[in-house]
Amino acid sequence: MILAGLLSSGVSIAPAVAFDFFGLFGKGDEAPPPSADALPYALEFTVVGNDKNIIQILKDASTLESLKGDAPPDAESLVRRAEADLPRLTDALWGAGYYNARVVVAVAGIPLSLQTFRPDAAMRTAGSYRSRAQVPVQVMVDPGSQFTLRNVDVLDARTGRPFSPEELPPRLIRVKPGEPARAADVLAAQAQIVDHFRAQSRPFAKVTRQDPVVIHPQHVMDVGLTVDPGPRAGIGEITVRGAENVDPAVVRSFIYTDPGDPYSPATLTSMRKSILNVEALSSVRIREGETLDAYGNLPLFVDITERPPRVIGASVQYSTTDGPALRAYWAHRNLFGGAERLRFEGNIFYLTENGGRLNDDDAEDFSWDDLGGRFRASFLKPALWGSRNDFLAEALVERDRTEGYTSRLFNGTAGIRHRFSNTFSIQGGIEYEKGQASDILGQIDYTLVGLPLSVTYDSTDDTLNPTRGMKLLASVTPYPDFLGSTVPITVAKGTASTYWPLDEEARYVLAGRLGLGSIVGAELDEIPANRRFFAGGGGSVRGFGYRTLSPTFLGEPIGGRSLLEASVEARIKITDTIGIVPFVDAGTAFESSYPDFDESIRVSAGLGLRYYTAIGPIRLDVAMPVRREQGDDRGIAVYVGIGQAF
């Protein structure tokens with residue numbers, strides 16, 4: 001054994017003498033070939049017992065490893081690099097619980113250790129390799145036994161005694177006697193204890209003393225932690241800073257905490273998330289005051305950064321069932337200085353008779369009738385007069401083309417949204433729509449004037465990649481004839497989705513979605529085709545054509561007066577950036593005003609691939625029907641987009 005040979009030759013390897021819990025090191029590239037301008041080296045790690053976990057710990061901590069692709073210019077630089085690794089590697093082994101570890105770094109066969117250092121000999125020998133070979137560098141480690149925890153005591157700084165189980169539940173002390181004495185675990189336990197007291201409205205909770213005692217002969221460690229919970233506090237005055245072009249009153253309207261409310265880190269997290277709903281802002285940082293005010297409350301300082309006011313963008317989308325689509329938009333996010341948003345968006349999409357698939361025949365038989373498009377203009381004025389009320393207005397011009405119908409329409413809406421909290425809001429307003437829809441049942445020219453009312457609840461943690469929480473959207477819109485509607489109907493819709501993480505890191509998430517819809521007040525053939533319910537497509541039942549699942553007439557989908565959709569996904573992260581998503585979708589539309597199951601529920605299954613980026617996951621889904629029926633496309637459907645399917 002190399003390490004034993006070095007020991008027998010008189011080289012002393014000292015027990016670890018440093019303790020550093022922290023370190024962040026990357027992995028390097030392969031060493032370059034020999035050169036006259038540099039001194040590359042070949043690095044090898046040798047560990048007694050060949051424990052691969054220990055080898056990885058050493059590689060993660062080693063600058064020799066992380067910088068091996070950047071060869072030092074001379075022998076002195078190489079030896080200094082090896083010298084710097086000795087305490088760093090020792091720290092890493094201590095952090096893993098190996099407190100009797102011995103480390104030697106041999107440069108060109110010359111051993112270097114913390115207590116026996118021979119830089120001159122190592123430099124002379126290493127220098128002889130210039131231009132002819134890589135310098136051999138060996139990291140040799142005898143880790144010894146991994147120490148275990150013997151006693152773990154957490155004391156109250158106010159009394160010098162242990163906390164009662166009511167004050168600090170034992171389950172929160174994550175390190176226990178008999179477990180490996182890893183520094184990272186001890187630090188995590190400290191953070192958990194402090195977080196517990198901070199969640200109890202104690203913002204100044206801290207560990208005031210750490211007493212780790214390592215007993216080398218017994219290979220054990222005793223840990224004593226002294227914790228000061230600090231006083232209980234409420235939320236104090238909230239000061240908004242950094243608002244140069246955005247009215248601070250708008251920012252304050254998105255803060256749902258009042259002075260005197262109990263302090264908690266969760267409250268601050270929710271506050272930051274709600275403020276980021278102001279589209280004119282790019283970042284929010286909440287700083288806590290250093291002392292309590294005269295009322296025992298903690299002042300908060302909200303530091304905001306504004307976005308550039310104008311934004312322009314475009315995207316291309318394609319699925320084998322929905323066809324290709326182009327989208328472009330322009331927006332101003334702070335039109336008058338009150339975070340008003342004005343947005344213009346245009347979409348063009350192409351759908352062929354075969355459900356969206358393009359082939360050679362499509363190129364020859366292209367028809368303008370297969371093109372659809374929409375132009376939308378929207379305006380948002382948040383925080384009317386500093387309140388939690390927002391004004392929203394939208395105008396839409398659309399020509400839609402599906403397998404079942406063609407429609408043309410103009411739609412305009414205006415409403416007021418009241419935000420009760422960061423998760424719950426209601427909205428009411430007025431809607432006007434004039435259009436024409438034609439399908440196999442005939443053509444309907446119509447006017448609709450309605451009073452939409454909706455409720456939104458969203459406790460999810462991320463818009464594009466939710467991993468926990470619940471989302472609910474329910475709406476009802478009556479279109480009475482006394483307001484001028486030519487088709488007096490009432491439309492109700494509801495969508496609920498929920499997300500269950502199966503582990504703390506949310507690498508395994510179960511997601512479910514349920515959608516319902518109902519139209520009452522008119523017979524099916526009296527309702528414009530574009531107002532009827534259909535299922536199928538990328539946002540519905542994947543694997544089927546866009547809006548093709550519904551009652552049929554002469555083989556053509558005609559839509560229904562009710563809708564039922566459901567989806568289940570298992571979102572599995574294989575690495576930090578790659579994930580797979582097996583899923584099952586089901587649903588259809590029904591002729592009656594409620595799901596009576598006269599139509600068969602269509603089911604599809606598929607597998608998705610996710611590439612996780614800073615802006616959200618890039619999604620690739622492949623789906624196909626579980627049981628095909630006459631008229632179904634015989635291929636598979638492919639969907640590409642950004643964000644999860646729901």
When you check the gap from the basic side-chain N to the acidic O, do Asp390 and Arg417 get nearer than 4.0 Å?
yes
Hey, are Arg202 and Glu167 close enough for a salt bridge, meaning a charged N less than 4.0 Å from a carboxylate O?
no
Under a 4.0 Å threshold between the charged nitrogen and the carboxylate oxygen, would Glu569 count as salt-bridged to Arg542?
yes
Looking at Arg252 and Asp247, is there a salt bridge between them, counting it only when a charged N and a carboxylate O are closer than 4.0 Å?
no
How would you list all residue pairs meeting ring-ring contact (aromatic ring centres under 6.0 Å, His included) that involve residues 161-215, not counting sequence neighbours?
Phe163-Phe197
On the 0 to 90° scale, with breaks at 30° and 60°, tag the Tyr99-Phe147 ring pair as parallel, tilted or perpendicular.
perpendicular
Assess whether a salt bridge exists between Arg161 and Asp156, defined as any Lys/Arg side-chain N lying under 4.0 Å from an Asp/Glu carboxylate O.
no
Do the ring planes of His418 and Phe420 sit parallel (below 30°), tilted (30 to 60°) or perpendicular (above 60°)?
perpendicular
Quick one: do Arg513 and Glu565 make a salt bridge, cutoff under 4.0 Å?
yes
How about Val213 and Met221: do any of their side-chain heavy atoms sit closer than 4.5 Å?
no
State whether Asp462 and Arg468 are salt-bridged, where the test is any N-O pair (Lys NZ or Arg NE/NH1/NH2 against Asp/Glu carboxylate O) under 4.0 Å.
no
Give a yes or no on whether a salt bridge exists between Glu288 and Arg198, defined as a side-chain N under 4.0 angstrom from a carboxylate O.
yes
